[in-house]
K.L.:
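My questions will all concern the structure given below.
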Amino acid sequence: MEAQSITKSVSRKRRKDDMGPNGTTDEDPVPIKVPRHTMGVREPAPFSDELKVDRSKPYRRVSMEEAKIGTPLERPVRVYADGIFDLFHSGHARALMQAKTLFPNTHLIVGVCSDELTHNLKGFTVMNEAERYDAVQHCRYVDEVVRNAPWTLTPEFLVKHRIDFVAHDDIPYSSAGSDDVYKHIKDAGMFAPTQRTEGISTSDIITRIVRDYDVYVRRNLQRGYTAKELNVSFINEKRFNLQERVDKVKKKVKDVEEKSKEFVQKVEEKSIDMIQKWEEKSREFIGNFLEMFGPEGALKHMLKEGKGRMLQAISPKQSPSSSPTRERSPSPSFRWPFSKISPPASPGRHSRPTAATYDISEDEED
C-alpha cells in the first residue's frame with residue numbers, strides 16, 4: 001500500500017510539473033471534438049436570469065467519468081467558474097479557457113460578484129460591476145453569465161443553475177471566515193482544478209500603475225485629461241508639466257550626444273584605417289628599397305655577378321699545376337684598336353714584325 005501511494009504521489013507530482021499552460025499534459029487523451037452550438041460565438045454570452053430554463057426535465061448531475069467520456073449534445077456538462085474579474089486580463093481568459101476545455105462537451109457558466117459584496121469582503125475595484133459583467137460577457141469561452149454571484153456556493157444555488165462541476169485553481173481560497181470557500185465543493189467531488197497564469201493578476205497591474213504614478217499622470221495630462229479629472233492639485237499639475245518639458249530637453253540633448261558620439265566614432269574608425277594603410281604601405285616601400293639597395297640587396301648581387309663575368313671574359317684559363325708540362329701553344333694575339341694588321345707571312349720566310357704591328361699575347365698582357 002505504501003509503495004502504491006508513493007508511486008501515485010510521484011506520478012501526480014510529475015503530472016503537475018509537466019502540465020502545459022492549459023493544464024493538460026502530453027499523456028492526456030485528445031478529447032472528442034463536439035461542434036459548438038452555444039451562444040458565445042458570435043454574440044455576447046447571455047445573463048442567466050434572461051434565459052428560459054426547461055424545468056420539466058429532472059436534473060441529474062453528471063459524474064466525472066461520464067463527463068470525460070463525453071455527453072450527448074443536448075446534455076452538455078455544466079461547469080461553473082466565479083470571480084471578481086476586475087481589469088479583465090489574459091490570466092482571467094486562460095482560466096476560463098481551461099474551464100471550457102475540461103470536457104468534450106461543456107457549457108461554461110461564469111459568476112461575477114457585485115460591487116457591494118466585493119467591496120465588503122475583498123476590497124475596492126477599479127471597474128464597476130456593469131463593466132465587469134460586460135467584460136466577461138465578451139469572452140469567447142463563456143456561455144452564460146450569472147450576475148450578483150454568491151461568495152460561497154450553496155446547495156440551492158448549485159441546483160438552481162444545474163451545475164455539475166465547479167472550476168477554480170487548487171490553491172485554498174481563504175475568505176469570509178473560512179480557510180477554503182471551496183472545501184465543501186471538493187468534499188462533494190464537484191471540484192475541477194485549473195492552473196493559475198503566473199506573472200499576471202489584477203493586483204500586479206494595479207501595483208505597476210501605483211509604482212509609476214507620475215508617469216501615468218503626465219501621460220494622461222498630455223492626452224487632454226484635466227487635473228480635476230485626475231484628482232491632481234494645481235501645484236502638482238505645474239510640476240508635472242515642468243517635468244515633462246525638462247524630459248523633452250533631456251531627450252534632445254541625449255539624441256545630440258548619441259549622434260555626436262556616432263560621428264566621432266566613425267571619424268576615429270576611418271582615421272585608424274588610414275593610419276594602418278599608411279603604415280602597411282610604408283613598410284612595403286622600405287622593404288622593397290632594402291631588398292633592392294640594401295647591403296645584401298639585389299643590386300649588389302647584380303654588380304658582383306657582372307664583375308665576375310667581365311673578369312672571367314678577360315682572364316685566361318689556367319691549367320692545373322699537377323698536369324705535366326708541355327709546350328704551350330701560341331696564344332692568340334691581342335691587337336690594339338686602330339692597329340695595322342699585316343698579312344700573314346708565307347711559310348718558310350722569317351719576317352721581322354714591322355713597327356706598325358702590335359701583337360700582345362695573353363702572357364704579355366698579364
Side-chain angles (χ1 to χ4, degrees), residues 5-25 28 61-64 67-68 77-103 106 108-126 132 136 139 141-142 146 148-161 163-207:
S5 63
I6 293 172
T7 305
K8 288 182 179 179
S9 64
V10 172
S11 62
R12 196 177 297 114
K13 184 177 180 181
R14 289 177 180 173
R15 179 184 176 85
K16 191 172 183 180
D17 294 339
D18 297 338
M19 279 186 177
N22 300 333
T24 58
T25 62
D28 290 341
R61 196 176 73 82
V62 178
S63 65
M64 182 65 74
K68 287 183 177 180
V77 180
R78 296 174 67 84
V79 177
Y80 178 81
D82 58 358
I84 310 301
F85 302 106
D86 190 21
L87 297 176
F88 192 88
H89 52 75
S90 62
H92 294 141
R94 287 178 178 274
L96 297 178
M97 179 185 67
Q98 294 178 58
K100 180 67 178 178
T101 57
L102 282 171
F103 308 109
T106 303
L108 181 59
I109 307 167
V110 180
V112 183
C113 300
S114 64
D115 286 345
E116 182 181 359
L117 187 63
T118 304
H119 297 169
N120 291 335
L121 297 178
K122 189 170 184 179
F124 192 74
T125 58
V126 178
R132 293 186 285 112
V136 174
C139 179
Y141 309 110
V142 180
V146 177
N148 193 15
W151 200 261
T152 303
L153 303 179
T154 61
E156 293 78 17
F157 180 85
L158 298 175
V159 173
K160 176 183 176 181
H161 294 279
I163 296 170
D164 296 314
F165 297 97
V166 177
H168 200 272
D169 61 81
D170 205 10
I171 302 173
Y173 193 85
S174 59
S175 180
S178 174
D179 295 336
D180 189 2
V181 295
Y182 297 103
K183 186 177 183 303
H184 64 289
I185 302 295
K186 295 176 181 178
D187 295 339
M190 298 177 62
F191 188 79
T194 58
Q195 299 294 321
R196 291 179 64 88
T197 302
E198 298 296 332
I200 183 69
S201 68
T202 302
S203 300
D204 291 339
I205 295 174
I206 295 175
T207 301

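These figures come from a predicted structure and were not determined experimentally. FYI, side chains are in, hydrogens and waters are out, and symmetry mates aren't considered; it's all heavy atoms of this structure.
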K.L.:
Is there a side chain to side chain contact (heavy atoms under 4.5 Å, CB included) between T125 and T202 once you walk through the steps?
P.N.:
CA-CA 10 Å; T125 58; T202 302; over 6 Å; no
K.L.:
Go through it in stages, so that I can follow the logic: the residues are L102 and F165, the test is side chain to side chain contact (heavy atoms under 4.5 Å, CB included), and I'd like the CA-CA distance, side-chain angles, deciding distance and then a yes or no.
P.N.:
CA-CA 10 Å; L102 282 171; F165 297 97; 6.0 Å; no
K.L.:
Check whether any side-chain heavy atom of D82 lies under 4.5 Å from a side-chain heavy atom of Y182, and answer yes or no.
P.N.:
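SC-SC contact between D82 and Y182 confirmed.
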K.L.:
With distance as the sole test, does R78 use its side chain to make a donor-acceptor pair with the main-chain N or O of H161 at under 3.5 Å?
P.N.:
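Yes, the answer is positive, given that a donor and an acceptor are paired below the 3.5 Å cut-off.
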K.L.:
How far does CD1 of I163 sit from CG of L153, to the nearest 0.5 angstrom?
P.N.:
6.5 Å
K.L.:
Give the minimum heavy-atom separation between V77 and A67, together with the two atoms involved.
P.N.:
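Nearest pair, atom of V77 first, then A67: CG2-CB, 3.7 Å.
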K.L.:
Among residues at least two apart in sequence or on other chains, which ones pass salt bridge (charged side-chain N to carboxylate O under 4.0 Å, His left out) with D164?
P.N.:
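D164 satisfies salt bridge (charged side-chain N to carboxylate O under 4.0 Å, His left out) with R75 once adjacent residues are dropped.
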K.L.:
How long is the straight-line distance from CG of D170 back to CD of Q195, given to the nearest 0.5 Å?
P.N.:
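So the CD of Q195 and the CG of D170 are separated by 8.0 Å.
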K.L.:
Is there a side chain to side chain contact (heavy atoms under 4.5 Å, CB included) between H92 and V136 once you walk through the steps?
P.N.:
CA-CA 9 Å; H92 294 141; V136 174; over 6 Å; no
K.L.:
Without swapping roles, check the side chain of R132 against the backbone of C113 for a donor-acceptor pair under 3.5 Å.
P.N.:
yes
K.L.:
I'd like to check the salt bridge (charged side-chain N to carboxylate O under 4.0 Å, His left out) partners of D187; sequence neighbours left out, ordered by chain and number.
P.N.:
K183
K.L.:
Kindly write out the residues that satisfy side-chain contact (heavy atoms from CB on, under 4.5 Å) with S63, not counting sequence neighbours, or none if the list is empty.
P.N.:
E65, E66
K.L.:
Who pairs with A93 by side-chain contact (heavy atoms from CB on, under 4.5 Å), at least two apart in sequence or on another chain?
P.N.:
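Result, side-chain contact (heavy atoms from CB on, under 4.5 Å) vs A93: F88.
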K.L.:
Got I200 and R94 here, is their nearest side-chain heavy-atom distance under 4.5 Å?
P.N.:
no
K.L.:
Taking the side chain as everything from C-beta on, heavy atoms only, tell me whether H168 gets closer than 4.5 Å to I185.
P.N.:
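Result no, sub-4.5 Å side-chain heavy-atom pair not found.
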K.L.:
For T154, check side-chain contact (heavy atoms from CB on, under 4.5 Å) against everything at least two apart and list the hits.
P.N.:
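Partners of T154 by the side-chain contact (heavy atoms from CB on, under 4.5 Å) criterion, ordered by chain and then number, come out as E156, F157.
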K.L.:
Sequence neighbours excluded, which residues qualify as side-chain hydrogen bond (donor to acceptor under 3.5 Å, both in side chains) partners of K186?
P.N.:
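Result, side-chain hydrogen bond (donor to acceptor under 3.5 Å, both in side chains) vs K186: D180.
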K.L.:
Which heavy atom of K100 sits nearest a heavy atom of Y141, and at what distance?
P.N.:
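Reported closest heavy-atom pair: CD-O, 3.5 Å.
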K.L.:
Partners of T207 by side-chain hydrogen bond (donor to acceptor under 3.5 Å, both in side chains), sequence neighbours excluded?
P.N.:
none
K.L.:
Enter the distance from Q98:CD to D169:CG here, rounded to the nearest 0.5 Å.
P.N.:
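Q98 atom CD to D169 atom CG measures 9.5 Å (nearest 0.5 Å).
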K.L.:
With sequence neighbours excluded, what pairs up with D204 under the salt bridge (charged side-chain N to carboxylate O under 4.0 Å, His left out) test?
P.N.:
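Listed in chain order: nothing, the list is empty.
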K.L.:
Run the side-chain hydrogen bond (donor to acceptor under 3.5 Å, both in side chains) test against N120 and tell me which residues pass, sequence neighbours left out.
P.N.:
none
K.L.:
Which heavy-atom pair separates V79 from A99 by the least distance, and what is that distance?
P.N.:
CG1-O, 4.2 Å
K.L.:
In Å and rounded to the nearest 0.5 Å, what is the CG to OG distance from D86 to S201?
P.N.:
11.0 Å
K.L.:
Of all residues at least two apart in sequence or in a different chain, which pass the side-chain hydrogen bond (donor to acceptor under 3.5 Å, both in side chains) check with T194?
P.N.:
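In terms of side-chain hydrogen bond (donor to acceptor under 3.5 Å, both in side chains), with neighbours along the sequence ignored, T194 is linked to no residue.
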K.L.:
Of the non-hydrogen atoms in Y80 and V110, which two are nearest, and what is the gap between them?
P.N.:
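So the minimum-distance heavy-atom pair works out to CE1-C, 4.4 Å.
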K.L.:
Taking ring-ring contact (aromatic ring centres under 6.0 Å, His included) as the definition, give me every residue that meets it alongside H184, ordered by chain and number, with sequence neighbours left out.
P.N.:
none
K.L.:
For residues A149 and L117, report the shortest heavy-atom separation together with the two atoms involved.
P.N.:
O-CD2, 3.5 Å
K.L.:
Can you sort out the partners of R61 under salt bridge (charged side-chain N to carboxylate O under 4.0 Å, His left out), two or more places apart, ordered by chain and number?
P.N.:
none
K.L.:
Looking at NZ of K122 and NE2 of H119, how far apart are the two atoms once the value is rounded to the nearest 0.5 Å?
P.N.:
11.5 Å
